[in-house]
Amino acid sequence: MDKEGKRYMVTAALPYANGPKHIGHLAGAYIPADVYVRYLRLNNRDVLFVSGSDEHGTAIPNQALKENTTPQAIIDKYDALLRDCFEKLGMSFDIYHRTSEKIHHETSQEFFLTLYNKGLLTEETSEQYYDDEAKVFLADRYIVGTCPKCSFAKAYGDQCENCGSSLSPRELINPRSTLSGKPPVLKLTKHWYLPLQNYEDWLKQWILESHKNDWRPNVYGQCKSWIDAGLQPRAMTRDLDWGIKVPLPNAEGKVLYVWFDAPVGYISATRAFFKEIEKGSFKYAKQNRPFQHVNNETWRKYWQRKDTKLVHFIGKDNIVFHCIIFPIMLHATGEYIVPDQVPANEFMNLEGDKMSTSRGWSIEMHEYLEDFPTKPDELRYALLTNLPETKDSEFTWKDFQAKNNNELVAIFGNFINRALVLTQKYFDNRVPELGVMNEIDQRVVTELKSFPSRIADAIEGYHFREAAAHLMDLARLGNKYLAETEPWKLAKTDLPRVGTILNLALQVSANLAIVCEPFLPFTSKKLKEMLSFSQAMDWRSTGEINLLKAGHGFAEPRLLFEKIEDLVIENQVYKLNEKKRKMELDAQPVEPSKPEISFDEFSKMDIRVGKILKAERVEKSKKLLKFQVDTGMDTRTVLSGIAEHFTPEEMVGKQVTLLVNLAPRKIMGFESQGMILTAADKDGKLRLLQPSDVVAPGSKIS
RNA sequence: GGCGAGGUAGCUCAGUUGGUUAGAGCAUCGGAUUCAUAACCCGAAGGUCGGCAGUUCAAAUCUGCUCCUCGCUACCA
């Protein structure tokens, strides 16, 4: 059950440093985490907020190859980019660390050894491909060969990019190492496994029973699905030269699995934080609040004391690691606490389609910041009010504009501006005296009082969207109050009454300045400056009407937000579409041709035109269609994985190109006697190859 | 196909343990107002809560079946 923690350990997913991260990542983990933490700090709770760049794993060397540079250069580049974006967006990490740091290597190795020394890891030896020349074991991605399914010559060991099949390296025909170009040899290799299945009972108790009611349905459901399916041993090491060395003898060339070391990164970051605090030298840490009596054991309080509440903010793609694997690792040591909450968000779509950096359909954090350098809060707000908390949500530029113009500008900014301009006009920028309050005033005071706890309840229940909505309602309350009392009308006749009204309006403004801090930290700062807030106000001072003393003077009013014009939005939509178009053209260069073959080899293939007589879906298959094809010679059954591109109805009667002498193969219970040829376009869509005019079935192609 | 999550107003989304006329914001329409970035404020209209059946005095909420979307997974000759 959710507990009121004595201290809070809050983590936001470590972003993988192989590229930029988009606003979907922000919405998924970072923004809610930051709101939560800022709120806790305002309440003077003992909270630590960590994240950092995840810099290991095969994808880093891969990206290095792609960019024609070194893995180190890749992580330096993207760490710097991510770090900078988070800073500019106001992510108030106590520390944003890096998993390439020494202390992380040590922590991960210690963690591994703890499990190892307790005999909790099993060793298993299996055959893996090895490059004799480069003297390394090859990750799946580093092996290319001919796809056993579509005969594509440059299929990778994990996947064929031509037909999309997921493969294992052993299935490849004529496998070659991408490092040396030589065929790899099979070699025995040993790895250490964490037997997840041993913890099933514990998981059932911990998640399925004790978190049945307080974890989100999506999180709980995913976990249940994994647990019910039965857990298996999972290798915690890899043969790779990029990563954290396995701290055992005879483990050369072996590193910790990136999903082993990444979550441990939260712990390393915590250690690094207190180390820097202790030394007083800050490389990654920021001192957001004072810490006393720090020593090299302090971090343990945040990870090993039962009265610490551990909360992981992540996207739904990370659920299994944060709810199953990492907790098992923590639990198995017998030393660590496990998460109390994992408020995973779903995905945020963009303008009707799934966000994807690789497909170019995304708004990367740095792209937004380049175009809107003065508007971090505007993005925070637009994302906050549309977080995918219970289901996938959607970001559109039009909605972003509406949230900005109709809410931040028209309600929040406008109310502040009204209160300040009126005060400027009638009271020379000084807070007027609060006189006798009437019924309307009393009602506003009562309402105002209710807001902080409403917002707090929403935040503590991880309903950040609702919390943001309450915030805006507080500004609405202010607008409504001014509309009801109409101080501009009373100015000529009853200035003291105007003073009372504006005093209250200013108190509401001051409350907004504090209460909006978790959501809109830059706005909060600006507003506090405008109101000349001297002392630091915390959450407990909110809900009151004594935040500003009568006579307190403040600066010239400025506008908090500005409208965003249609043209700006149209440009963004245009830019987005252009980026996608460009990516599609760039991303998929035409495949280089396969090795030369002789005429004889070619003539072995018997390719003919056939006519589809019957077409139907294959039961229980999403991709397969089953055809009866007239080949001129006979009528035969052919199966083809094209159901996502063609309907059976439209296929009937069509002429198709058919490889007729391909060895028959049984698929989903039917024997397929041939292969229908298609052309895969850049967008992945398949097209049929057809003669330009109708020809007799069985016509040979040569 | 298996598993998981969703399908609630034109749009984006809330709806706690089943309980009076199903909510919010935006968009639309009408009114009021001019202190304010033509903003604010008030009001109206708008939904047979994906469909069917069942449990119940009572179902958006529970059960079964079914359709659709998304994610993981299998199938891709």
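Every value quoted in this text rests on a predicted model; they were computed, and no experiment measured them. Naming: A, B, ... by sequence-line order, numbering from 1 per chain.
Taking CD1 of A/I701 as the start and CG of A/L659 as the end, the distance is 10.0 Å to the nearest 0.5 Å. Here the straight-line distance linking atom CZ of A/R497 with atom OG1 of A/T485 works out to 6.5 Å at 0.5 Å rounding. Between the NE2 atom of A/H22 and the CE atom of A/M348 there is a distance of 11.0 Å, given to the nearest 0.5 Å. Taking CH2 of A/W259 as the start and NE2 of A/H322 as the end, the distance is 5.5 Å to the nearest 0.5 Å. Atom CG in A/L625 sits 8.5 Å away from atom CG in A/L639 (nearest 0.5 Å).
Only the P atoms considered, B/rA9 is 8 Å distant from B/rG50, to the nearest whole Å. Between B/rU69 and B/rG30, the two P atoms lie 39 Å apart (nearest whole Å). Spacing of P atoms, B/rU8 relative to B/rG47, comes out at 15 Å, to the nearest Å. Rounded to a whole angstrom, the distance from the C1' atom of B/rC40 to that of B/rA32 is 11 Å. Between B/rU21 and B/rC68, the distance separating the two C1' atoms is 31 Å to the nearest Å. When the C1' atom is compared between B/rC41 and B/rG51, the two are found 42 Å apart, to the nearest whole Å. Between the P atoms of B/rC11 and B/rA27, the separation comes to 15 Å (whole Å). B/rG7 sits 15 Å from B/rU17 when the P atoms are compared, rounded to a whole Å.
Each of A/K480 and A/Q222 was matched to the nucleotide of RNA chain B holding its nearest heavy atom; the match closer to the 5' end belongs to A/Q222. Between A/L482 and A/K224, the residue anchored closer to the 5' end of RNA chain B is A/K224, taking for each the nucleotide with the nearest heavy atom.
Counting only N and O atoms by type, the side chains of A/T631 and A/D634 include a donor and acceptor under 3.5 Å apart. If you check the side chains of A/N511 and A/Q507, you find no donor sitting under 3.5 Å from an acceptor. A/T637 and A/Q628 form a side-chain donor-acceptor contact under 3.5 Å, judged by distance and modelled atom types alone. Using a 3.5 Å distance cut-off with no hydrogens or angles, the side chains of A/Y257 and A/R234 do pair a donor with an acceptor.
Screening A/W206, A/Y462, A/Y220 for a ring-ring contact (aromatic ring centres under 6.0 Å, His included) involving A/W215 leaves a single residue, A/W206.
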Can you name the atoms? Protein N/O to nucleotides 66-70 of chain B N/O, anything below 3.5 Å, with the distance.
unit_1: B/rC70; atom_1: O2'; unit_2: A/D392; atom_2: OD2; d: 3.1

Atom pairs under 3.5 Å, N or O on each side, protein against nucleotides 26-34 of chain B: can you list them with distances?
unit_1: B/rC26; atom_1: O3'; unit_2: A/N406; atom_2: ND2; d: 3.0

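A/T385 comes within 4.0 angstrom of nothing in the nucleic acid, heavy atoms only. Using a 4.0 Å heavy-atom distance criterion, A/T396 is classed as making no nucleic acid contact. Counting any heavy atom pair closer than 4.0 Å across all strands shown, A/A469 reaches no nucleic acid atom. A/L658 comes within 4.0 angstrom of no nucleic acid atom, judged by non-hydrogen atoms across all strands. At a threshold of 4.0 angstrom between heavy atoms, the contacts of A/Y426 with the nucleic acid are absent. Base contact: A/K563 has a heavy atom under 4.0 Å from a base atom.
Remark: C1' of B/rU73 and CD1 of A/I319 are 16 Å apart, rounded to the nearest angstrom. Rounded to an integer number of Å, the gap from A/D494 CG to B/rC35 P is 18 Å. A/L387 places its CG atom 16 Å from the P atom of B/rU12, with the value rounded to the nearest Å. In this structure, the CH2 atom of A/W226 is 16 Å from the P atom of B/rC3, given to the nearest Å. As a whole-Å value, the separation of A/F415 CZ from B/rC35 C1' is 12 Å. Nucleotide B/rC72 holds its P atom 17 Å from the CD1 atom of A/I324, rounded to whole Å. Nucleotide B/rA38 holds its P atom 12 Å from the CZ atom of A/R418, rounded to whole Å. A/L477 places its CG atom 16 Å from the C1' atom of B/rA24, with the value rounded to the nearest Å.
With sequence neighbours left out, A/T385 forms a side chain to side chain contact (heavy atoms under 4.5 Å, CB included) with A/Y381, A/K403, A/A468.
The base-pairing partner of B/rU34, taking Watson-Crick or G-U wobble contacts with both distances under 3.5 Å, does not exist among the strands shown. Nucleotide B/rG23 has B/rC13 as its partner under the Watson-Crick or G-U criteria, with both atom distances under 3.5 Å. Of all nucleotides present, only B/rC52 satisfies the Watson-Crick or G-U wobble test against B/rG64, with each distance under 3.5 Å. Pair check for B/rC72 finds B/rG2; Watson-Crick or G-U wobble, both atom distances under 3.5 Å. Base pairing analysis places B/rC29 opposite B/rG43; the two distances defining the Watson-Crick or G-U wobble pair are each below 3.5 Å.
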Quiz item: After noting the C-alpha distance and the side-chain angles of A/K316 and A/E346, does the key distance pass the salt bridge (charged side-chain N to carboxylate O under 4.0 Å, His left out) rule?
Solution: CA-CA 5 Å; A/K316 69 173 163 185; A/E346 301 284 298; 3.1 Å; yes
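Set against B/rU12, B/rU37, B/rC35, the side chain of A/E394 has B/rU12 as its closest nucleotide. For A/L422, counting side-chain heavy atoms from C-beta on, the closest listed nucleotide (B/rC35, B/rU12, B/rU37) is B/rC35. Proximity note for A/E346 (side chain, C-beta onward) versus B/rU37, B/rC40, B/rA5: the nearest is B/rA5. Comparing B/rC40, B/rA36, B/rA5 by their nearest atom to the side chain of A/N417 picks out B/rA36. Looking at the side chain of A/N414, the nearest of the listed nucleotides B/rC41, B/rG6, B/rA39 is B/rA39.
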